[in-house]
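Only one structure is covered here, and it is reproduced in the block below.
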Amino acid sequence: MAKELLAVRLVLDAPPEKVAAALDKEDLPMPDPILLEWQEFIRQDCTFSSEALRHGAKDVERHSCSLGLRPLCRGDKASPLPLQPFDDFAFEVNLAKRAASRIRVLGRWTSSFEDDSAHGFFLKVEVPFGPEYLQRIQLSQLCEVKRSSVGSELTRRLLCDDFLQQTRHEDMKDSTVAIARLHSFMIEIEARAWAICHGFALIESWRGLREDYPWALKSAENAVAAYRFGSGHSGPAQKEVWPLFDTGRAQSLSEGLFEMLPAVCNKRMELQGALQEGNVEVESFASLLDRICRRADSCADIFRRFVDLGSGRGMAVFTAHALFPFRSCVGFEISPEYNESARLLAQWYVKEGFANGMHVLPDLMFIQGDVLTEDWSDASVVFANCVTWPSTLVAAVARKALRLRPGAVMISGKRLPSEAAVMRGFDFRGEACLGDWTPYAVELWVYQRIIISEFVDIKYQNI
C-alpha cells in the first residue's frame, strides 16, 4: 500500500468525458506554462511587483522538469522510451536547455462517469537532481478525473515514496527539501497550465495534505496565499447563473441592519483579544456562501444547517437565513452583550419580513454559549470569523470540526493548525470577504471535510 502525501484538486468547467479524452492525448505543443501563470498574477491587483514575479517564475522554470502533464513549448520534445514490465507506455520529456525527465505510466483505468468512478492512471516519474543533474529521484503519483456538480474534477496525488520519506524531518533549506517543494508546486502549476491550454476554465483549486511534512504545508500555504484573490480559487462556470440569491433583497437587508445597529447597541464595543467586534458585509458574505453552496455535491446536503461560531451581532446568520434555503441557522456567541443585540436585531428582522414566513425565535437563532461545549457537529456550513482568536482556541475548534460530516464546509478567518489528524480530514482553498473593520478584503480559509483511507490502494505499488 502507498501513503498519499498531498493532493491538488482542480474543479474545471468541462464535462469529465472531454477532460478524460484530453488526458489520453500526447505530444501537443503548448505555450509556456510558467509564462501563463506569471500573466495571471500580474493581471491581479497583488502586492508583489511584476519584476519579483518574473524573477520567481524564471527561477522555478530553470530548475523544473515535466511531471507528466506539462505542456510542451517550442524547443521541448517528447520521445518514447523502451517499455519495461508493467509499463502501459513510457516517454522522456526534454525541456529546452534543461535535463530530461522519464515518465512511465504503469496502469490506467477508465470510467463511463455514470456513477462516482474515475478515469485516470498511476505513473512514476524520474526527475534530474543534484550537481549538474547527474542524479535521479523517483516520484509516484495518481492522476484522476471524475464528475463534479459543475463539470469535472482533475486530481493529482503525490505519494510517499522512498525519496519523499527522507524529507519529512529535514530543514527547510535542505537541498532535497528544496527539490521536493519545487515538484509539489509544479504538480499544481502543470495541471493549471494543462487545463488552460486545453481550454478548460478553472473554477476552484483545492489542496489536501495527508502527512505532517513541514515543507509540504508551507508549499500549500504559499500557493493559497498567491491565488487567494484570483480566479484560481473561485471563478464562475459558464453554465452557472450568477448569483443564485436575490441581490435586491441582500441590499435591503444590508441597509436595514446598518440602520438598526445603533438602536440595539449604545456603542461599538471596544473589547480586546478574542472578543473584538467585526461584522461581515452582507452582500459580500452572500456571494461567498453562493460560491460554496452552488458547487456542493448533492450528498453533502449543503443547506442542512448553517452555524456561526462567535456570531457577534448576527450579520452572517441573517445573511444565510434570509438569502439561502438553509433549514436551520444558528449563531453561538459567548458575549452576553453581543448576543442580546443580535436577538434584538432578530425581532426587527422578523417584523420587516426577512424571515420568509418562517417562524423565527430569536432565543433559538442566537444562543449564548461556548463554541467548544455547544454541539454543531450536524452543521453543513460553519463560519468562524476567528481572526483575533488565540491559536489554542483555533486548534480546539479544528479538532471539534473533525466531527462534521463528509462534504461539510468550514470557513475560517485563520488557517487551521498543522496537526496530522486535521490535515487528513480536510481539503482547503483560499477565499475572501468584505468586513466593517477594514477597507480591504479579509483573507479566509475554506475547509471541506473529507474521509480518506490511510493508504491509497494501488495494485501497482510494488512495481
Legend entry - N279 backbone acceptor or donor facing D436 side chain under 3.5 Å: yes
Inset, instruction - Answer yes or no: does atom NZ of K400 have more than 12 heavy-atom neighbours from other residues, nucleotides or ligands under 6.0 Å? - result: yes
Inset, instruction - Check the angle between the aromatic planes of H198 and W194 and answer parallel, tilted or perpendicular using the 30° and 60° thresholds. - result: tilted
Legend entry - Smallest separation among heavy atoms of A379 and V307, with atom names: CB-CG2, 3.6 Å
Legend entry - Side-chain donor/acceptor of S148 to backbone N/O of G151, under 3.5 Å: yes
Legend entry - By side chain to side chain donor-acceptor pair (under 3.5 Å) - contacts of E352 (at least two apart): none
Inset, instruction - May I ask you to decide if the ring planes of F354 and Y349 are parallel, tilted or perpendicular, using 30° and 60° as cut-offs? - result: parallel
Inset, instruction - Work out which heavy atom in A322 is nearest to a heavy atom in L253; give both atom names and the distance. - result: CB-CD2, 3.9 Å
Legend entry - Spatial distance of atom CZ (R108) from atom NE2 (H119) [nearest 0.5 Å]: 6.0 Å
Inset, instruction - Mark yes or no for whether K414, through its side chain, and W389, through its backbone, hold a donor-acceptor pair below 3.5 Å. - result: yes
Inset, instruction - Start with the C-alpha distance between R313 and S341, add both sets of side-chain angles, then the distance that settles side chain to side chain donor-acceptor pair (under 3.5 Å), and finish with yes or no. - result: CA-CA 6 Å; R313 311 290 188 188; S341 64; 2.9 Å; yes
Legend entry - Parallel, tilted or perpendicular, as decided by the 30° and 60° cut-offs, for the rings of F326 and F303: perpendicular
Legend entry - Shortest non-hydrogen separation from G310 to E333 and the atoms involved: C-OE1, 3.3 Å
Legend entry - Note, V442 side chain near V280 side chain (heavy atom, < 4.5 Å): no
Inset, instruction - Return yes if some donor-acceptor pair links the side-chain N/O of W376 with the main-chain N/O of V371 below 3.5 Å, else return no. - result: yes
Legend entry - Side-chain heavy atoms of L402 within contact of F426, under 4.5 Å: yes
Inset, instruction - Output yes when a side-chain donor or acceptor of Y447 lies under 3.5 Å from a complementary backbone atom of A401, and no otherwise. - result: no
Inset, instruction - Report yes if the distance between the aromatic ring centroids of F383 and F285 is under 6.0 Å, otherwise no. - result: yes
Legend entry - Check: S149 and S298 side chains under 4.5 Å, non-hydrogen atoms: no
Inset, instruction - Give the minimum heavy-atom separation between K146 and S117, together with the two atoms involved. - result: CB-O, 3.8 Å
Inset, instruction - Enter the distance from T247:OG1 to E283:CD here, rounded to the nearest 0.5 Å. - result: 8.0 Å
Legend entry - V11 side chain reached by R295 side chain, heavy atoms, under 4.5 Å: no
Inset, instruction - Flag the pair I411 / E431 as yes when at least one side-chain heavy-atom distance between them is below 4.5 Å, and no otherwise. - result: no
Legend entry - Atom pair CH2 (W437) and CG (L434), whose distance is rounded to the nearest 0.5 Å: 9.0 Å
Legend entry - Heavy-atom pair with the smallest gap, counting every atom of M410 and L309: CE-CD1, 4.5 Å
Legend entry - Under-4.0 Å salt bridge between E153 and R147: no
Inset, instruction - Could you please spell out the steps behind the side chain to side chain contact (heavy atoms under 4.5 Å, CB included) verdict for L345 and L261? - result: CA-CA 8 Å; L345 282 174; L261 270 177; 4.0 Å; yes
Legend entry - Nearest heavy atoms of E374 and I367, plus distance in Å: OE2-CG2, 4.1 Å
Inset, instruction - Output the distance between atom CD1 (I179) and atom CH2 (W215), rounded to the nearest 0.5 Å. - result: 11.0 Å
Inset, instruction - Find the distance between OG1 (T373) and CD1 (I334) and round it off to the nearest 0.5 Å. - result: 8.0 Å
Legend entry - Under 3.5 Å donor-acceptor, R9 side chain and S205 backbone: no
Legend entry - S152 side-chain N/O to A14 backbone N/O, donor-acceptor pair under 3.5 Å: yes
Legend entry - Under 3.5 Å: donor-acceptor pair, side chain of R304, backbone of A300: yes
Legend entry - R156 and E144: CA distance, side-chain angles, deciding distance, salt bridge (Lys or Arg N to Asp or Glu O under 4.0 Å) verdict: CA-CA 7 Å; R156 301 185 80 183; E144 296 180 315; over 6 Å; no
Legend entry - Test side chain to side chain contact (heavy atoms under 4.5 Å, CB included) applied to V446 and W206, step by step: CA-CA 9 Å; V446 179; W206 293 86; 3.7 Å; yes
Inset, instruction - Report yes if the side chains of T319 and F306 come closer than 4.5 Å at any heavy-atom pair, otherwise no. - result: no
Inset, instruction - Please determine if E204 and R291 form a salt bridge, counting it only when a charged side-chain N lies under 4.0 Å from a carboxylate O. - result: no
Legend entry - Residue among R449, R210, R157 satisfying salt bridge (Lys or Arg N to Asp or Glu O under 4.0 Å) with D427: R210
Inset, instruction - Answer whether the closest heavy-atom distance between the side chains of F122 and L159 falls below 4.5 Å. - result: yes
Legend entry - Stepwise salt bridge (Lys or Arg N to Asp or Glu O under 4.0 Å) check, D378 with R403: CA-CA 8 Å; D378 62 339; R403 303 176 188 174; over 6 Å; no
Inset, instruction - Evaluate the side chain to side chain contact (heavy atoms under 4.5 Å, CB included) criterion for residues L257 and W348: first the C-alpha distance (whole Å), next the side-chain angles of each, then the deciding distance (0.1 Å), finally the verdict. - result: CA-CA 9 Å; L257 289 172; W348 166 87; 3.5 Å; yes
Inset, instruction - Hey, could you give me the CG/CD distance between L6 and E188, rounded to the nearest 0.5 Å? - result: 10.0 Å
Legend entry - Backbone N/O of V409 and side chain of Q448: donor-acceptor pair under 3.5 Å: no
Legend entry - Close side-chain approach of V397 and L372, heavy atoms under 4.5 Å: yes
Inset, instruction - Begin with the C-alpha distance, continue with both residues' side-chain angles, and end with the deciding distance and a verdict on side chain to side chain contact (heavy atoms under 4.5 Å, CB included) for I302 and V381. - result: CA-CA 7 Å; I302 201 67; V381 178; 3.8 Å; yes
